Amino acid sequence: MSSISHNPVAADASASVRVDNVSKKYCRSLKRSILYGMKDLASAAIGHAFQNDHLRQGEFWALKDLSFQLKPGECLGVIGRNGAGKSTLLKLLNGIIEPDRGRIEMRGRVGALIEVGAGFHPLLTGRENIYVNGAILGMSTEEIDRKRDAIIEYAGLPADALDAPVKTYSSGMYVRLGFAIAAHIDPDILLIDEVLAVGDAAFHSQCYSTLSRLLGKGVSVVVISHDLVAVQQLTTRCLYMNQGAVGAFGPSLDVIQHYRQDTDAAMVEQSRAKQPSAPPSVQGGRFTELELMDQSGKPSREFRTGEPASMRFRIELQPGMDAVHLSFGIHSPDWVLHTTYFTAYQGFQVHPVEGHALVEFHFPQLLLGTGIYLINVGLWDKSGLGSFDWRWDAISFKVTNDQPMAGRFMLPHEWRALEGRIEPCSSAVEAGEVV
Amino acid sequence: MSEESGHAGLKAAPQTPVAVYYANRNLLLGHRVWAEMVRELWSARELIWRLFCRDFSAKYRQTIFGILWAILLPLGTTAFFVVLSNARVINIGQTAIPYPLFALIGTSIWQSFVGGLLAASGSLVNAANLVGKINFPREALVIAAIGQAVLDALVKAGLVVLMMVYYRLWPGWEALAIPVLLVFLFLMCLGFGFLLALVQGIVRDTEKALSLLITFGVVLTPAVYPPPEKWPFYLINIVNPVSPFLIAIRDLATGQPVSNGTEIALGIAVSLLVFGLSWRIFHLAEPKIAERL
């Protein structure tokens with residue numbers, strides 16, 4: 001299927017992480033897993049190799065034939081849906097669990113942020129826990145003594161918190177201290193599993209600047225995250241894992257786009273499935289027709305970046321309603337709202353004729369980036385506070401684009417050479433070997 | 001290709017440490033694994049000390065009596081048996097030294113040993129979060145747990161000394177052999193601890209079984225009665241691996257002649273065997289346990 005898994009890249013002597021055809025199997029049934037555990041333990045005790053190659057009943061490959069290499073200073077993003085095998089991969093890289101097939105080679109001191117603050121004892125103070133956690137992460141007492149002040153400063157905890165038991169900490173403080181310790185282990189290879197999801201914005205930016213500093217020093221980083229924007233910014237290459245196998249591997253931009261297409265489609269399916277056919281209550285008025293159209297006025301669900309697009313609302317109002325407001329917004333399947341328009345805020349209202357109105361919302365240029373989008377619409381009373389008909393996920397549509405791009409928007413733009421010159425060329429971007 | 005420590009994170013080597021992982025690695029290393037195990041244990045010495053300190057200071061932090069609990073437990077058991085014996089509910093027979101002292105030494109040793117087993121058996125499971133998330137020598141958890149039992153034993157020893165002063169009983173120079181015997185006793189405790197910790201990682205039955213052992217074990221050990229001399233009760237002195245150590249330590253502490261030289265030699269051999277074998281199995285099973293916790 002993929003050139004990655006079957007022809008591992010020629011062994012690169014400078015690689016700090018080398019993963020060769022690694023597979024790992026798991027068992028979901030507790031009973032069987034106990035049985036297999038006892039068997040494995042017993043066979044180990046009498047000196048027999050564990051049975052690894054074939055699946056026993058109830059087992060499945062959590063990770064299958066995975067291969068990649070990572071050079072010093074390189075940052076690999078690992079993305080994928082829940083249960084795709086991302087955390088399993090990180091545990092394998094860290095040597096916490098053993099592969100059932102294949103080989104992993106790690107050159108250098110490994111630091112892992114699989115769960116920050118694991119090993120904190122709730123009753124001990126922050127200061128005491130620095131020593132315990134540091135020792136667990138492999139630091140000597142002398143090393144911790146040396147780095148303690150830097151750790152404390154980095155964590156930025158309130159002065160009185162350090163000598164309080166960590167069970168009195170907020171979850172943000174907990175993570176700060178954990179990350180501060182882990183950031184000071186001076187690893188050659190750093191493994192990070194979604195720990196950046198916790199903490200406030202200031203903490204995030206601190207994490208990211210620490211990471212880029214480490215990358216600059218030649219540390220190899222493997223980072224699991226669902227925050228695609230962060231992955232995009234931090235990583236050079238990405239591994240998209242899909243049910244334990246390689247979904248895509250290559251330059252981050254391409255892989256993230258590939259992943260986004262897959263997940264967007266799945267999320268649209270989901271939201272469509274739970275969509276009510278008609279609004280629950282009709283009071284005051286409702287939409288009788290909603291249509292998204294291309295420039296020729298034909299209904300369309302697929303646009304190219306920059307094409308015109310129109311949204312048509314047909315509304316039906318009950319007698320006595322002399323004015324209403326309309327809202328229109330675009331969001332992506334991950335519930336991020338990208339742009340909204342509301343007549344009440346824009347300073348006008350819609351007056352029906354004999355209880356009817358047909359309104360068009362027009363984009364001269366739909367400047368959205370590649371991806372799947374959803375439209376939400378609302379029909380409001382004339383105060384703009386009460387809604388008559390409100391539909392989230394009313395219509396979904398797709399935007400395509402020839403160029404790979406990150407982000408959700410393509411703003412009107414132009415490149416100008418004020419010195420030197422700009423000329424067209426054949427293939428500008430170094431084509432990524434996306435699998 | 002150098003295939004060094006599996007715990008790359010723990011090596012502060014000047015040259016680049018290289019860790020290689022593949023299926024059955026520990027098994028395929030063969031006898032070379034022993035060198036790795038010793039190196040790993042040595043590199044974990046500071047971690048063991050940290051974990052020991054952590055457990056110790058956390059254990060008594062939310063208690064009123066604190067470390068006194070180490071004394072209250074054997075005192076309570078001793079008092080219980082003294083009362084039973086005085087009331088003739090049980091017939092202890094003749095002991096060479098005052099019965100309260102006799103029972104105190106016995107129960108102290110037994111409770112330290114069982115306490116060690118109990119702490120060690122839960123050490124992996126209680127740190128499941130850690131074991132599954134961070135790579136470090138898991139032996140450290142078990143050893144630190146046994147460390148608590150050793151500390152307990154030392155506190156109890158202090159109590160025994162006080163009671164000996166009270167009875168004006170002075171041991172001879174032979175008593176210097178006691179620490180040596182204790183080392184082997186706790187080495188055996190550690191060995192069993194390794195196994196129990198592993199097994200408890202897979203099935204939780206050991207917890208229940210151990211509570212049974214604690215309830216009935218004290219009467220299956222010559223802790224509160226003199227070593228039986230008649231068949232089949234004589235077996236208690238041999239089959240229970242704690243018995244030879246307990247009998248000899250009590251004799252040495254109270255200036256009695258040591259009566260069970262052969263059993264002691266056997267006990268030491270068993271202790272070394274159990275320790276070595278269990279440590280090896282523990283090391284072998286480490287990556288397998290991590291995924292099942």
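No hydrogens, no waters, no symmetry mates; every other heavy atom, side chains included, goes into these values. Values in this document were obtained by computation on a predicted structure and should not be read as measured data. Chain identifiers are assigned alphabetically (A, B, ...) following the order of the sequence lines, protein sequences preceding nucleic acid strands; residue numbering begins at 1 within each chain.
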Candidates A:Leu92, A:Ile97, A:Ile104, A:Val22 - the one meeting side-chain contact (heavy atoms from CB on, under 4.5 Å) with B:Tyr21: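 Exactly one pass, corresponding to A:Ile104.
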
Among B:Asn135, B:Leu141, B:Ile134, exactly one meets side-chain contact (heavy atoms from CB on, under 4.5 Å) together with A:Ile136. Which residue is that?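 The residue from B:Asn135, B:Leu141, B:Ile134 that satisfies side-chain contact (heavy atoms from CB on, under 4.5 Å) with A:Ile136 turns out to be B:Ile134.
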
Please flag which part of B:Ala58 lies under 4.5 Å from any non-hydrogen atom of chain A: side chain, backbone, both or neither.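 Both backbone and side chain.
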
What part of B:Leu51 is in contact with chain A, defined as an atom under 4.5 angstrom from a non-hydrogen atom: side chain, backbone, both or neither?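 The answer is the side chain of B:Leu51.
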
Is the CD atom of A:Glu142 crowded by more than 12 outside heavy atoms at less than 6.0 Å?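 Yes, the 6.0 Å shell around CD holds more than 12 heavy atoms from other groups.
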
Heavy-atom check, side chain of B:Lys133 versus side chain of A:Asp193, under 4.5 Å: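 B:Lys133 does not reach A:Asp193 side chain to side chain.
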
What is the distance from atom NZ of A:Lys39 to atom NZ of B:Lys288, rounded to the nearest 0.5 Å?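 A:Lys39 NZ to B:Lys288 NZ: 13.0 Å, rounded to 0.5 Å.
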
Rounded to the nearest 0.5 Å, what's the gap from CZ on B:Arg50 to CG on A:Asn129? Could you check? 11.0 Å

Between A:Pro99 and B:Tyr22, which heavy-atom pair has the shortest distance, and what is it?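 Closest heavy-atom pair between A:Pro99 and B:Tyr22: CG-CA, 3.8 Å.
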
Which heavy atom of B:Gly132 sits nearest to which heavy atom of A:Lys91, and what is that distance?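 Scanning both residues completely, I find the closest heavy atoms to be O-CE, 3.2 Å.
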
Contact origin within A:Leu93 toward chain B - heavy atom pairs under 4.5 Å: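 It is the backbone, since no side chain atom gets that close.
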
Quick check on A:Thr125 against chain B: is it the side chain, the backbone, both or neither that has a heavy atom closer than 4.5 Å? both

Going by distance alone, is a donor N or O of one side chain under 3.5 Å from an acceptor N or O of the other, for B:Glu46 and A:Ser140? no

Flag, side chain of A:Glu98 to backbone of B:Asn24, donor-acceptor distance under 3.5 Å: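 Between the backbone of B:Asn24 and the side chain of A:Glu98 there is a qualifying donor-acceptor contact (under 3.5 Å).
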
